[in-house]
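First the proteins, then the strands, lettered A, B, ... as listed; each starts at 1.
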Amino acid sequence: MSGNSLKGLNPSQLEAVTHGEGPLLVLAGPGSGKTRVIAHRIAYLINDLSVPPGNILAVTFTNKAAAEMKKRARDLAGDLASGIWIGTFHSICLRILKIEADFLEGHTKDFVVYDQDDQLGLLKSCLKELDYGESLFSPKGVLSEFDAAENREGASFRDDFYGRRLSELYDFYKKELVKRNAMTFNDLLLLANRLLSENQGVCVRYQDRFSQVLVDEYQDTNVSQYRFAKTLSQRHRNLFVVGDDSQSIYGWRGADINNILNFEKDFPGARVVKLERNYRSTLNILGIANSVIRKNPGRKEKTLWTDNPEGERALVFKALDNADEARFVAERISGLVGTEDFKWSDVAVFYRANFQSRVIEEGLRAAKIPYRIVSGVGFYQRAEIKDVIAYLRLVQNPRDDVSFLRIVNVPPRKIGGVTLRKLREASQAGGFALFEAAEYCQEHDLLPAQALGALSRFLEIIKGLGSAAESQPVARVIKALLERVAYLDYLGEDLQRAENVRELLSAAEGWSEITLSDFLDLVLLATDEDRGDSGEEKVSLMTIHAAKGLEFPAVFVVGVNEDLLPHRRPAETLGGLEEERRLFYVAVTRAKRLLYLSYASLRTASGGTYHTRRSAFLDDLSPEHVVYESRKKKLSGRDSDLPSEEKTYELEDVGLNLRPGQKVTHPTFGPGIVKKIDGKGDKMVATVDFFGSGVKKILASFFAD
DNA sequence: CTCGCTGTTATTTTT
DNA sequence: TAACAGCGAG
Ligand SMILES: Nc1ncnc2c1ncn2[C@@H]1O[C@H](COP(=O)(O)OP(=O)(O)OP(=O)(O)O)[C@@H](O)[C@H]1O
């Protein structure tokens, strides 16, 4: 059996995989086989050391990575592998908390987990209740303050006016969560840690159980995750972590790069293994990666070499605007798949922010290129899916006020603001959840007849579903729900959304024997990968963050513009620019053979068109690794003011020739100042304030010479 | 209570 | 642009 677990490894990898007892860190650059080492280590433990799979805990960064790891483990160790605990920190904690729910203070085993949307909803009602002005306390801002606080040990706030109010708000908010039998993603870790530290019995049970703890992407762990891993591995001292400090890109979420930098100090006697051979990328791509990351101070220096061929130079492309950039991407992809031996699935397009996918999608659609968005605004975040989930949650946990508010009037059933205000008053007065308050009002006839009728019908629906859920599979419950509230009718002719709901239903049918509670957990952690289209022949679109740990033969990084990559916001914060650079580093090191970096000189956003500069990161690339290209666009200016006269202008960069604030002269209107640029290409329109004749809109190509 | 209109405002990354 | 909050009419 050992043949399997040790095959296909180089000497350093072998050293790590066959490591004996005690903590070990694999510190190595991209594409050096760190993830492969973890998979083989798991197989080695099972096949060669006969470690029972149930005693192995393997933590990955995303659920997608967990699924991949499970698959790899199964390939190497067979069916035994299914007993391993593999998952993200969050899903492992969730699993433990559900099992040990009896030991929790405040939560019962039916607790639900709130995602950001739900949290915002709850926070908004807290702000209202405490009468905090939303101007000073924007819900989003407050939530990220909370996050930041929880990522500091002790969840404390600054000791000034704002900090004190935040602290008050935080305590209130946390109590409200517990009241609703709900917790946040962060709570999963915080409460798991609390359970382990306060309940010796439980703690010892898990410490005994997990004789082997493995953590992938260790550079992106935060305090709680660090504590969790440390606690669980304390007894057997077998903590096996892999990572690369140069790929730490989640500092904004509390990840602490010092966890990996201080590993040897934290775990005395730790062994450190370095992997220096890169199996993934061409020499050229490694050269680029190196010139990018070289600029960051304070890294752990790592050698990286490869036997791979030099490969082609990366193409740096300057597009006219983002639509043009999308066109470029589409053209190149078509070329790769048409003339070289690339499949659609060999190609990936990365961007800094989700909103950038839109233009790219349009470009790919126009070129009939099949694509798939990996994560992004996930399937399970869509409004129609969340509606259905909210019904189910309320069925499981009637204390869930956020879900109650979400669907109490969806589809519209004449329960509006007035009724809700009364319900809220009743719930506050009596310490009830809204659902209970509704029941109370119903019993005591506390509302106008019309509202009461509507409310009663709603309560009936939820209760009916509740009893259905006791005896019937989830899919049946969903079906009953959809019929009962005529949800598909409510969606009307929006076919896509109706289709999404049907997809959720068929997902539920796939898990036939599942309980409602387990279904909700799965949905919470599910990724788009679970929807079964991952194997299909499609180009992958994703954010750079989502690309971590993946690899593709051909990689396009779009929007390599200043203020976008590096993004302006983090670049202004301490250490933010370094993290942005690591992000760019992660992006380029995903590529195996071909790398395309593109940027647009004009960006259309929020109604206007703005100039953008190329990213400073591009300046760091050595000329011998890259080729530069830019679009020379022919603009045909057909101005209705000048009928039948077709002019063609050769323009390399329209934007440079015309921008707000610039002085222009028009034969009829005389001199003026450009106020605003709208549209693009030959439809670009300049709004010009003429000194004599006032503000006029002029086709931009008119000035283009 | 619902619907539709207008004006404002915003785009970082995710478990 | 587009998503959304706020407002007034039915
Ligand atoms: N010993 C080896 N022989 C052949 N190929 C290998 C070997 N080790 C790793 N590889 C290949 O190298 C590629 C990168 O491996 P892997 O994803 O494990 O690297 P990694 O260090 O986790 O990368 P990253 O840090 O970028 O996520 C994979 O395609 C893997 O199959």
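Contact check on A:Glu580 versus A:Arg352 returns a salt bridge, with a Lys/Arg side-chain nitrogen under 4.0 Å from an Asp/Glu carboxylate oxygen. In summary, A:Asp387 and A:Arg406 engage in a salt bridge, as defined by a charged side-chain N under 4.0 Å from a carboxylate O. One finds no salt bridge joining A:Asp518 and A:Lys98 here, because no Lys/Arg side-chain nitrogen approaches an Asp/Glu carboxylate oxygen to under 4.0 Å. Look at A:Asp400 and A:Arg180 and you find no salt bridge, because none of the NZ, NE, NH1 or NH2 atoms lies under 4.0 Å from a carboxylate O.
Contact annotation for A:His545: base contact, defined as any heavy-atom pair under 4.0 Å involving a base atom. Using a 4.0 Å heavy-atom criterion, one finds that A:Phe89 contacts no nucleic acid atom at all. A:Ile415 comes within contact range of the sugar-phosphate backbone alone, with a heavy-atom separation under 4.0 Å but no base atom that close.
The separation between A:Arg352 atom CZ and B:dT14 atom C1' is 11 Å, rounded to whole Å. Summarising the geometry, the separation between CD on A:Glu579 and C1' on B:dT14 is reported as 12 Å, rounded to the nearest angstrom. Remark: P of B:dT14 and CD1 of A:Ile249 are 9 Å apart, rounded to the nearest angstrom. Computed from coordinates, the A:Leu143 CG to B:dT15 C1' distance equals 14 Å when rounded to whole Å. Put simply, OH on A:Tyr585 is 20 Å from C1' on B:dT13, counting in whole angstrom units. Distance, A:Phe584 CZ to B:dT13 C1': 17 Å, rounded to whole Å. Straight-line distance from the CG atom of A:Leu188 to the P atom of B:dT15: 13 Å, rounded to whole Å. When rounded to the nearest whole Å, the span between CD of A:Gln356 and P of B:dA10 equals 19 Å.
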ring-ring contact (aromatic ring centres under 6.0 Å, His included) assessment of A:Phe146 paired with A:Tyr173: CA-CA 10 Å; A:Phe146 287 178; A:Tyr173 170 74; 5.3 Å; yes
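Using C1' as the reference atom, B:dT12 and C:dA5 are 23 Å apart when rounded to the nearest Å. Comparing the same atom, C1', in C:dG6 and in B:dT11 gives a spacing of 22 Å after rounding to whole Å.
Looking at A:Arg569, its side chain has no donor and acceptor atom pair within 3.5 Å of the base of B:dT12. With hydrogens and angles ignored, a donor-acceptor pair under 3.5 angstrom links the side chain of A:His90 to the base of B:dT15.
Of the two residues contacting DNA chain B, namely A:Arg603 and A:Asn186, the nearest-nucleotide position lying further toward the 5' end is that of A:Arg603.
Using a 4.0 Å cut-off, some side-chain N or O of A:Asn354 falls inside it from OP1 or OP2 of B:dT13. Note on A:Thr604: every side-chain N or O is 4.0 Å or more away from OP1 and OP2 of C:dT1. Contact annotation: A:Thr419 side-chain N/O to B:dC1 OP1/OP2 distance is under 4.0 Å. A sub-4.0 Å separation between OP1 or OP2 of B:dT2 and a side-chain N or O of A:Asn409 is present.
In this structure, the nucleotide among B:dT2, B:dT11, B:dT13 sitting nearest to the side chain of A:Pro412 is B:dT2. Closest to the side chain of A:Arg253, from the set C:dA3, B:dT11, B:dT14, is B:dT14. Closest contact between the side chain of A:Trp252 and the listed nucleotides B:dT14, B:dT12, B:dT2 involves B:dT14. The nucleotide whose nearest atom lies closest to any side-chain atom of A:Gln116 is, among B:dT14, C:dA3, B:dT12, B:dT14.
Using a distance-only test at 3.5 Å, with no hydrogens or angles considered, a donor-acceptor pair links the side chain of A:Asp220 to the main chain of A:Tyr250.
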